Amino acid sequence: MADTLQLLKCGVRFNPPTLVITYKDWKSGKMRRRSMPLRNFTKHSGIERVCDDLKENPRHAKFIRLLSPLQLQRLLTIVKDKISGLSLEASIARNKEMDTLNPEENLNTVDEETLKRKKLAMNTSFEKNQKKLGDPDFEYNVEVDFETGAIETSGWDSENDSDMDF
């Protein structure tokens, strides 16, 4: 059934908190809208828990599968931010920052929610760029020689440590 559905639009309603999906059913050829109320959703609700609850709900599961996990978390975060008193523009900017991958950023210092979102963004990027067995440009056993510039040395890895007694 899920392969006959195509996601067209997704969004949220703030009062009451609701996830709204517009999709096309290829069997009937009709465009439909599905509203999924986020019951008992507060500013203290865990985003991952709500995502899991929506995925496990038999009424909503086939529609939730149309969304990527990152997109679902982004929508739920916007609702949570709005309930917490953050403006829509600030919430969108915050979400954009959380989904942006910066190789110089130290992820050891970020909070748990940001870390999970960054990991999800990395996973999504990896899966998008991954070359699978059936892809036309797939190559088995690719060997790459990397340029070796100046080799950095440090004191801890020298081989002539005399104070090592075994």
Side-chain angles (χ1 to χ4, degrees), residues 1-107 109-140 142:
M1 173 92 186
D3 48 320
T4 64
L5 304 178
Q6 178 190 10
L7 179 68
L8 300 176
K9 290 192 266 182
C10 61
V12 292
R13 192 176 316 137
F14 297 115
N15 195 8
T18 307
L19 188 63
V20 181
I21 295 177
T22 304
Y23 64 96
K24 183 169 186 168
D25 186 355
W26 288 104
K27 279 186 177 177
S28 66
K30 294 182 181 180
M31 189 169 69
R32 300 184 183 272
R33 179 175 293 150
R34 177 76 174 199
S35 295
M36 294 170 269
L38 303 172
R39 302 190 196 288
N40 303 322
F41 192 81
T42 67
K43 63 182 178 182
H44 303 292
S45 298
I47 299 294
E48 284 189 36
R49 172 109 183 183
V50 175
C51 288
D52 292 341
D53 289 347
L54 285 169
K55 289 175 188 175
E56 292 171 6
N57 186 325
R59 296 181 63 198
H60 303 312
K62 65 183 174 186
F63 304 105
I64 293 296
R65 281 194 298 256
L66 298 174
L67 296 169
S68 72
L70 185 62
Q71 191 175 26
L72 179 60
Q73 282 198 355
R74 189 180 303 129
L75 290 169
L76 293 175
T77 303
I78 289 172
V79 173
K80 184 176 179 178
D81 288 346
K82 185 70 173 172
I83 291 172
S84 299
L86 205 60
S87 71
L88 181 61
E89 293 79 20
S91 178
I92 291 172
R94 180 175 169 262
N95 271 294
K96 190 171 190 154
E97 178 188 328
M98 287 175 74
D99 293 338
T100 303
L101 299 175
N102 179 4
E104 300 299 319
E105 183 178 14
N106 184 359
L107 296 179
T109 60
V110 298
D111 62 303
E112 193 68 26
E113 180 186 357
T114 305
L115 180 64
K116 287 180 181 178
R117 283 284 293 274
K118 296 280 185 182
K119 285 183 176 182
L120 196 55
M122 285 186 237
N123 247 359
T124 304
S125 175
F126 172 77
E127 289 172 3
K128 183 175 81 173
N129 296 320
Q130 182 182 18
K131 294 187 179 164
K132 298 178 186 139
L133 189 60
D135 293 343
D137 56 345
F138 174 78
E139 278 185 60
Y140 182 77
V142 176

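Quantities reported herein were computed from a predicted structural model and do not represent experimental measurements.
- A heavy-atom distance below 4.5 Å is not found between the side chains of Thr22 and Cys10.
- Looking at heavy atoms from C-beta onward, Phe63 lies in side-chain contact with Met36 at the 4.5 angstrom threshold.
- Applying the side-chain contact (heavy atoms from CB on, under 4.5 Å) test between Leu38 and each of Thr18, Leu76, Ile83 identifies Leu76 as the sole match.
- Residues Glu139 and Val142 form a side-chain contact, since some pair of their non-hydrogen atoms from C-beta on lies under 4.5 Å apart.
- Note that CZ of Arg74 and CG of Leu67 are 10.5 Å apart. Values are rounded to the nearest 0.5 Å.
- Between Gln6 and Trp26, the closest heavy-atom pair is OE1-CZ2, 2.8 Å.
- Residues Asp53 and Phe41 are not in side-chain contact: their nearest non-hydrogen atoms beyond the backbone lie 4.5 Å or more apart.
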*Determine, step by step, whether Thr77 and Arg117 satisfy the side chain to side chain donor-acceptor pair (under 3.5 Å) criterion, reporting the C-alpha distance in whole Å, the side-chain angles of both residues, the deciding distance to 0.1 Å, and the verdict.*
CA-CA 10 Å; Thr77 303; Arg117 283 284 293 274; 3.2 Å; yes
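- A side chain to side chain donor-acceptor pair (under 3.5 Å) check over residues 83-93, counting only residues at least two apart or in different chains, returns the pairs Asp81-Ser91.
- By the 4.0 Å N-to-carboxylate-O rule, Lys118 lies close enough to Glu105 to be salt-bridged with it.
- Under a cutoff of 6.0 Å and an axis angle of 45°, Lys82 and Phe14 form a cation-pi pair.
- For the atom pair Asn95 CG and Gln71 CD, the distance stands at 11.5 Å (nearest 0.5 Å).
- His60 and Ser35 get closest at one heavy-atom pair: CE1-O, 4.5 Å.
- Between Thr42 atom OG1 and Lys80 atom NZ the span is 7.5 Å, to the nearest 0.5 Å.
- The structure places CD of Glu97 at 10.0 Å from CG of Asn102, a figure rounded to the nearest 0.5 Å.
- Looking at every heavy atom in both residues, Lys55 comes nearest to Ile64 through CG-CG2, 3.7 Å.
- Residues Leu19 and Leu72 form a side-chain contact, since some pair of their non-hydrogen atoms from C-beta on lies under 4.5 Å apart.
- The structure places OG1 of Thr4 at 8.0 Å from NZ of Lys62, a figure rounded to the nearest 0.5 Å.
- Side chain of Ser125 to main chain of Ala121: no donor-acceptor pair is present (N/O by atom type, distance under 3.5 Å, no hydrogens or angles).
- Side-chain contact between Lys24 and Lys30: absent, with no pair of heavy atoms (C-beta onward) separated by less than 4.5 Å.
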*Tell me, with the steps shown, if Lys9 and Val20 meet side chain to side chain contact (heavy atoms under 4.5 Å, CB included).*
CA-CA 8 Å; Lys9 290 192 266 182; Val20 181; over 6 Å; no
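- Using a distance-only test at 3.5 Å, with no hydrogens or angles considered, a donor-acceptor pair links the side chain of Thr124 to the main chain of Leu120.
- Atom CG of Asn40 has 12 or fewer neighbouring heavy atoms from other residues, nucleotides or ligands inside a 6.0 Å radius.
- Using a 4.5 Å heavy-atom cutoff, the side chains of Cys51 and Gln73 are in contact.
- For Phe138, the CZ atom is densely surrounded, since the number of other residues' heavy atoms within 6.0 Å is greater than 12.
- A salt bridge links Arg94 to Glu113: at least one charged side-chain nitrogen sits closer than 4.0 Å to a carboxylate oxygen.
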*Between Leu70 and Asp99, does a side chain to side chain contact (heavy atoms under 4.5 Å, CB included) hold up when you go through it step by step?*
CA-CA 9 Å; Leu70 185 62; Asp99 293 338; 3.5 Å; yes
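- Side chain of Asp135 to main chain of Lys132: a donor-acceptor pair is present (N/O by atom type, distance under 3.5 Å, no hydrogens or angles).
- When every heavy atom of Tyr23 is checked against every heavy atom of Arg34, the shortest pair comes out as CE2-CB, 4.0 Å.
- Atom-to-atom distance recorded for Asn57:CG and Asp52:CG is 12.5 Å, nearest 0.5 angstrom.
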*Hey, mind stepping through Leu107 and Met122 against side chain to side chain contact (heavy atoms under 4.5 Å, CB included) and telling me if it holds?*
CA-CA 12 Å; Leu107 296 179; Met122 285 186 237; 3.5 Å; yes
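- Here the closest heavy-atom approach between residue Ile92 and residue Ile78 is recorded as CG1-CD1, 4.3 Å.
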